[in-house]
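In what follows, a single structure is set out as structure tokens and then discussed.
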Amino acid sequence: MEKLSEVKEGKYKVIDIIKHGKLKKLYNMGIFIGDIIEVIKSSPGPIIIKKGNITIGIGYGIAIDILVEKVD
Amino acid sequence: MEEKIIAIAGNPNTGKTTIFNSLTETRQQVGNWPGVTVEKKEGYYIYKGIKFNLIDLPGTYTLTGESEDQKIAIDFLTQNKVDVLVIVANALQLERSLYFLILLSELQKNIIVDLNMVDLAEGEGIEYDIEHLEKLLKVKFVKTIGNKNIGIEDLKEEIYKKCKEPISEYFKFNYGDEIEKAINESGNIIEKLNPPYPVRFFALKILEKDEYFINYLRDRTDYETINNLILNLEKNYSKPIERVLIEKRYGVIHGVVKEATIEKKKELKLHITEKFDKILTDNFLGPLIFLIIMFIIFNFVFLFGNPFVNFLELILDKLKFVFLSINLPLWLTSLINDGIISGVGSVLLFIPNIFLFFFLFSILEDTGYMARAAIVADRLMHKIGLHGKSAIPMILGFGCNVPAIMGTRILENRRDKILTSFSTPFMSCSARLPVYLLFTGIFFRENQGIIVFSLYLLGIFVGILSIKIFGSIFFKGGSSPLIIELPPFRMPYWKSVLIESWIRTKSFLRKAGTIIFLGTLILWFLSYFPNPNNYGTELNFIGKIGKFISPLFRFSGFDFWQAGIALIFGIYAKELVVGTFGTVFGIENLQDTIRNYFTPISAYSFMIMSLLYMPCLATFLVLKKEIGIRWAFASLFWSLFVGWLFSTIFYQFFSFLKGG
Ligand SMILES: Nc1nc2c(ncn2[C@@H]2O[C@H](COP(=O)(O)OP(=O)(O)OP(=O)(O)O)[C@@H](O)[C@H]2O)c(=O)[nH]1
Ligand SMILES: [Mg+2]
């Protein structure tokens with residue numbers, strides 16, 4: 001399990017979103033725990049993730065609270 | 001005539017305004033990034049003898065007032081009488097749109113879902129069984145392609161039908177026995193308060209711990225009982241209840257969408273968007289590309305604009321000649337030729353450049369680049385305590401500062417909003433372009449593009465500097481982190497690019513016909529009296545006023561009254577800086593006259609001053625409205641100071657270099 005802020009580009013599964021306000025924000029935008037996401041751009045700078053037809057840019061401050069796991 | 005109120009709501013960037021425009025045949029601004037509409041816009045259309053009043057709302061993901069634009073949407077939906085609510089859903093992101101539908105269903109209104117962007121969905125091989133969706137969700141679906149005007153008549157018909165029928169059945173989401181019980185129990189308490197919202201909706205908001213609704217409750221009744229209910233629920237689920245609610249909703253939607261998706265040819269798609277995104281937001285390439293794009297824009301504006309400008313110049317000369325040759329009273333000829341044609345004309349001259357600028361700018365907006373720019377800017381903005389979203393209003397400021405400052409409503413916290421608004425007037429708007437065009441055309445003919453580009457960069461630099469300084473003095477703490485949706489990249493729709501650039505050019509033209517026109521009349525008056533024979537000289541009012549402030553610019557290289565008066569009128573509208581020169585120097589040999597007064601160094605110094613000093617009147621007023629009178633005045637004095645400081649430093653430095 002790694003923080004989204006630390007991972008390289010690739011496919012990941014969202015394991016947990018720690019802070020509650022952040023979880024709500026992501027949920028409202030359509031990203032959930034358990035989802036498979038693709039990291040298109042990794043940090044430094046904002047991380048860009050993609051799930052289906054939704055692409056979202058996420059600042060470092062939010063990404064450190066998103067825990068993900070690599071999938072193939 | 002019978003009237004009905006129709007509200008259009010939905011997630012950001014789903015095409016709400018596009019639909020609104022098609023229905024009402026108006027032209028509100030659309031753009032391919034989330035947060036184009038930040039205030040509610042109204043319009044109407046007439047169909048089968050009924051007047052339908054339409055309200056276009058800012059896009060939101062949920063129904064919590066996180067930022068100002070979203071609050072506007074929620075307040076309107078919860079507090080007003082709406083006959084039909086049209087939810088515009090993006091067919092590519094149906095799940096999220098249906099989630100929004102579930103939230104809004106609790107408002108117990110007549111709802112129609114406009115399934116928009118079906119062209120894009122089809123392109124991806126996605127199609128939905130509409131009847132199935134309608135059955136499961138108990139709501140009418142209408143397919144549209146907003147930007148091609150397809151499905152709009154169907155939509156009108158369905159809205160019409162919906163108005164005629166009473167609120168029949170609406171989709172009532174079932175959260176499971178335990179939660180439903182809590183909803184009912186808190187509902188009982190809430191009902192006694194007689195709130196202006198549906199009770200069940202209110203109860204759900206309380207369970208979701210929405211601050212606004214909790215405060216409403218706290219003010220009027222004992223919140224503890226309900227809070228205990230919530231705590232109990234959370235103990236049983238062992239997670240926060242709002243999370244349970246969201247998960248349940250999405251659980252159901254997920255199933256619904258799965259069932260209703262008919263065919264899905266999984267083709268191997270070339271992931272062009274991802275490739276683009278990777279390059280455009282690259283930490284090194286991203287900023288470089290941004291600068292290159294800006295640089296290209298300015299050169300393009302000159303290269304292709306100037307021939308047209310020269311042509312317009314000829315026409316204006318001819319026009320003056322015409323008025324000279326017909327025998328009008330002297331004062332009238334002077335008013336027309338020296339006042340209006342020289343004043344308004346010298347501004348209108350640059351319409352070709354301005355149009356080109358807006359054209360290129362609209363392409364940027366339409367392709368989806370704007371949201372990428374926010375990503376690129378994030379690191380820089382972080383260093384000054386803001387996040388990337390602030391870059392969007394600032395970039396919009398290159399068009400016009402007024403809508404740009406209103407655009408700061410997409411920012412979540414007040415601090416970000418104030419600092420961003422405060423620095424936006426330093427973004428060089430299109431009204432300042434004529435000043436640069438005039439001076440670079442005279443003194444920097446060889447490298448107009450680079451010189452103008454450098455002024456834009458200076459504006460950005462001063463804006464950032466101001467944020468840094470004022471942010472560290474007046475605010476503690478940092479910004480909330482960035483989170484922004486990136487719309488898909490695509491080729492620009494030429495039609496909408498043309499329309500967007502035309503809308504903006506038109507408002508520039510309108511301004512020339514009204515505000516600038518009025519300004520030139522005043523200018524002419526001050527130039528003509530009290531000594532008509534000495535038009536536009538220091539013997540008349542205009543010179544006296546100009547002389548009064550010109551000593552201020554002793555060390556900036558332009559301490560003659562003509563520059564002083566130009567700057568004064570520029571406060572009213574920045575285009576008038578050029579308009580004034582047109583009036584006091586006369587438009588025929590404007591270039592030669594200016595060459596007598598300015599040197600390249602003092603010309604650049606003057607351009608710095610024009611760029612930085614004072615937001616124009618309209619900008620000042622919008623600043624006052626958005627961030628308060630104190631900040632508006634702060635902006636005024638600060639910008640005067642930095643404008644003076646930078647132009648003086650520049651002039652002194654380069655004069656010294658040249659002299660020594
Ligand atoms: N392909 C396609 N594009 C569309 C359709 N409808 C709208 N668009 C484009 O989608 C973009 C967003 O449209 P807007 O009308 O500004 O969206 P909005 O929902 O008002 O956005 P906000 O005000 O930011 O919430 C624009 O570039 C439109 O041209 C459609 O049916 N198909
Ligand atoms: Mg809109």
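Reminder, nothing fancy here: chain letters follow the sequence lines and each chain counts from 1.
Residues A:Gly45 and B:Asn283 approach most closely at CA-OD1, 4.2 Å, considering heavy atoms. Closest heavy-atom contact between B:Pro481 and A:Ile62: CG-CG1, 3.5 Å.
Within a 6.0 Å radius of NZ in B:Lys209, other residues, nucleotides and ligands contribute more than 12 heavy atoms. Within a 6.0 Å sphere centred on NZ of A:Lys19, other residues, nucleotides and ligands contribute 12 heavy atoms or fewer.
Using a 4.5 Å heavy-atom threshold, the side chains of A:Ile33 and B:Arg243 count as touching. In this structure, the side chains of B:Asn90 and A:Asn53 stay at 4.5 Å or more apart for every pair of heavy atoms.
For chain A, the option among B:Ile484, B:Asp277, B:Leu103, B:Asp282 with the highest count of heavy-atom pairs below 4.5 Å is B:Ile484. No other option in A:Gly52, A:Pro46, A:Ala63 has as many heavy-atom pairs under 4.5 Å with chain B as A:Pro46. If you tally non-hydrogen atom pairs under 4.5 Å between each of A:Ile58, A:Ile40, A:Ile47 and chain B, the highest count goes to A:Ile40. Interface summary for chain A: among B:Thr60, B:Val376, B:Asn11, B:Leu486, the most heavy-atom pairs under 4.5 angstrom belong to B:Leu486.
Between the CD1 atom of A:Ile48 and the OG1 atom of B:Thr281 there is a distance of 3.5 Å, given to the nearest 0.5 Å. With rounding to the nearest 0.5 angstrom, the CD atom of B:Glu242 is 8.5 Å from the CG atom of A:Leu23. Remark: A:Lys24 NZ to B:Thr62 OG1 distance equals 7.5 Å, nearest 0.5 Å.
Contacts between A:Phe32 and chain B at a heavy-atom distance below 4.5 Å involve the side chain alone, from C-beta outward. For A:Ile54, the parts lying under 4.5 angstrom from a heavy atom of chain B are both the backbone and the side chain.
The backbone N or O of A:Met29 sits less than 3.5 Å from a side-chain atom of B:Arg96, completing a donor-acceptor pair.
Identified under the side-chain hydrogen bond (donor to acceptor under 3.5 Å, both in side chains) test for residues 30-47 of chain A, with sequence neighbours left out: A:Glu9-A:Ser42, A:Asp35-A:Lys51.
For residues 245-256 of chain B, heavy-atom neighbours of chain A at less than 4.5 Å comprise B:Ile246, B:Glu247, B:Tyr250, sorted by residue number.
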